[in-house]
Amino acid sequence: MSVAKKEYKRVTTKSLIDMKSRGEKISMLTAYDYTFSKLIDGAGIDVILVGDSASNVMAGHETTLPITLDQMIYHASSVVRGANRALVVVDLPFGSYQSDPKEALRSAIRIMKESGGHAVKLEGGKEIKESIKRILNAGIPVMGHLGLTPQSIYKFGSYTVRAKEDAEAEKLKQDALLLQKMGCFAIVLEKVPAKLAEEVAKSVSIPVIGIGAGSHVDGQVLVLHDVLGMTQGFHPRFLRRYANLYEDINSAVSRYVEDVKNINFPNEEESY
Ligand code: KIV
């Protein structure tokens with residue numbers, strides 16, 4: 001007997017643009033593995049970002065720079081297996097697209113072929129326009145990322161709010177228009193003044209998804225482990241924690257350790 005598979009209507013790049021035009025906000029979270037992907041997909045998330053923040057969250061690095069293309073593909077393929085409905089967007093890691101457009105395309109193709117992800121995300125505007133063009137020409141959907149772009153942290157020097165000055169704000173607005181003109185399907189806008197983010201969101205017809213960019217954009221993205229309260233010592237103003245899993249996991253594991261030490265686990269019912 002064959003088991004009927006539940007049908008899900010997959011979120012697509014087009015459905016995100018339609019959501020913006022009817023004023024429906026887009027929800028996006030990161031995930032890096034199968035279990036969390038399945039959980040957040042089942043809870044109705046629209047977009048799952050396999051962020052290069054895996055470098056921090058999964059591998060414990062201080063920045064996103066060290067993660068490799070092979071590692072991103074490993075994370076992304078696990079996430080894709082857990083997501084039935086959400087659109088899965090995969091970050092191109094630092095060093096996989098900046099040096100030349102042909103290499104950028106090769107990297108994007110590897111992500112699409114080897115992970116099964118649905119789109120890629122790249123950080124930057126005008127400087128990487130040839131790479132974006134080449135990837136788009138190959139039929140691969142591209143999400144842009146402007147504002148605080150963590151792969152440039154050593155240029156910025158800190159993770160503070162970007163584009164507070166007129167010149168940087170103007171460049172950001174021009175970059176957003178350029179990304180739309182080239183054919184990107186959405187833009188992540190990270191840590192910029194809410195007023196500027198609102199202006200950018202109004203100036204383009206593709207969705208602008210904010211992180212630390214206020215509420216007048218077309219959707220929100222956060223790092224899953226921050227939202228679930230699994231990370232400690234990170235309290236930016238834009239972060240809202242919806243659970244305190246650090247405490248919950250710590251308490252569960254402490255009780256398990258205690259039970260093992262005191263021979264309270266396993267009991268007779270838990271034994272064969
Ligand atoms: O890598 C990441 O998690 C991101 C989000 C913070 C937007 O790029």
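- At least one donor-acceptor pair under 3.5 Å links the side chain of Ser107 to the backbone N or O of Ser96.
- Two residues are said to be in side-chain contact when any heavy atoms from C-beta on lie closer than 4.5 Å; Ile211 and Lys191 fail this criterion.
- Not a single donor-acceptor pair under 3.5 Å links the side chain of Thr64 to the backbone N or O of Ser53.
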What verdict does the side-chain contact (heavy atoms from CB on, under 4.5 Å) test give for Val50 and Val88, after you've listed the backbone C-alpha separation in whole Å, the side-chain angles of each residue and the deciding distance to 0.1 Å? CA-CA 7 Å; Val50 186; Val88 178; 3.9 Å; yes
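- Note that CG of Leu178 is 9.0 Å distant from NZ of Lys171, once rounded to the nearest 0.5 Å.
- One finds the CG atom of Asp33 at 12.5 Å from the NZ atom of Lys38 (value rounded to the nearest 0.5 Å).
- You'll find the side chain of Thr149 reaches within 4.5 Å of the side chain of Phe156, heavy atoms only.
- Side chains of Thr231 and Tyr246 form no contact here, defined as non-hydrogen atoms less than 4.5 Å apart.
- For Glu62, the CD atom sits in a loose shell: 12 or fewer heavy atoms of surrounding residues, nucleotides or ligands are nearer than 6.0 Å.
- Formation of a donor-acceptor pair under 3.5 Å by the Ser254 side chain with backbone atoms of Asn250 is found in this model.
- Applying the salt bridge (Lys or Arg N to Asp or Glu O under 4.0 Å) definition to pairs two or more places apart or across chains, those involving residues 111-122 are Asp91-Lys121, Arg110-Glu114.
- Within the 4.5 Å cutoff, the side chain of Arg162 has heavy atoms near those of the Glu168 side chain.
- If you check the side chains of Ser15 and Thr12, you find a donor sitting under 3.5 Å from an acceptor.
- Counting only heavy atoms from C-beta outward, the side chains of Phe185 and Leu87 approach each other to under 4.5 Å.
- Taking 4.5 Å as the limit, every side-chain heavy atom of Val89 sits out of range of all side-chain heavy atoms of Val120.
- Judged by distance alone, with hydrogens and angles left aside, the side-chain atoms of Ser115 form no donor-acceptor pair with the main-chain N or O of Met112 at under 3.5 Å.
- At least one donor-acceptor pair under 3.5 Å links the side chain of Lys20 to the backbone N or O of Ala201.
- Atom NZ of Lys195 is surrounded by 12 or fewer heavy atoms from other residues, nucleotides or ligands within 6.0 Å.
- Environment of OH in Tyr256: sparse, with no more than 12 heavy atoms of neighbouring residues, nucleotides or ligands closer than 6.0 Å.
- Note on ring orientation: taking the six-membered ring where Trp is involved, the planes of Tyr32 and His225 are tilted (angle from 30° to 60°).
- To the nearest 0.5 Å, atom CD of residue Gln174 and atom CG of residue Leu146 are 11.5 Å apart.
- Between His118 and Arg10 the shortest side-chain heavy-atom distance falls below 4.5 Å.
- Checked by atom type and distance alone, the side chain of Glu270 pairs as donor or acceptor with a backbone atom of Asn267 at under 3.5 Å.
- Formation of a donor-acceptor pair under 3.5 Å by the Arg85 side chain with backbone atoms of Val11 is not found in this model.
- In this structure the side chain of Leu228 reaches within 4.5 angstrom of the side chain of Leu224, judged on heavy atoms.
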Practice problem: Under the side-chain hydrogen bond (donor to acceptor under 3.5 Å, both in side chains) rule, what do Asn264 and Glu258 come out as? Steps first, then yes or no, please. | Solution: CA-CA 8 Å; Asn264 281 330; Glu258 211 177 288; over 6 Å; no
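- Judged by distance alone, the side chains of Ser271 and Glu268 never bring a donor and an acceptor atom under 3.5 Å apart.
- Not one N or O on the side chain of Asp218 forms a donor-acceptor pair closer than 3.5 Å with the backbone of Ile209.
- Annotation: Asn262, atom CG; neighbour count of heavy atoms from other residues, nucleotides and ligands within 6.0 Å is above 12.
- The closest side-chain donor-acceptor pair between Gln98 and Glu103, if any, does not fall under 3.5 angstrom.
- In this structure, the side chain of Asp259 does not engage the main chain of Phe265 through any donor-acceptor pair within 3.5 Å.
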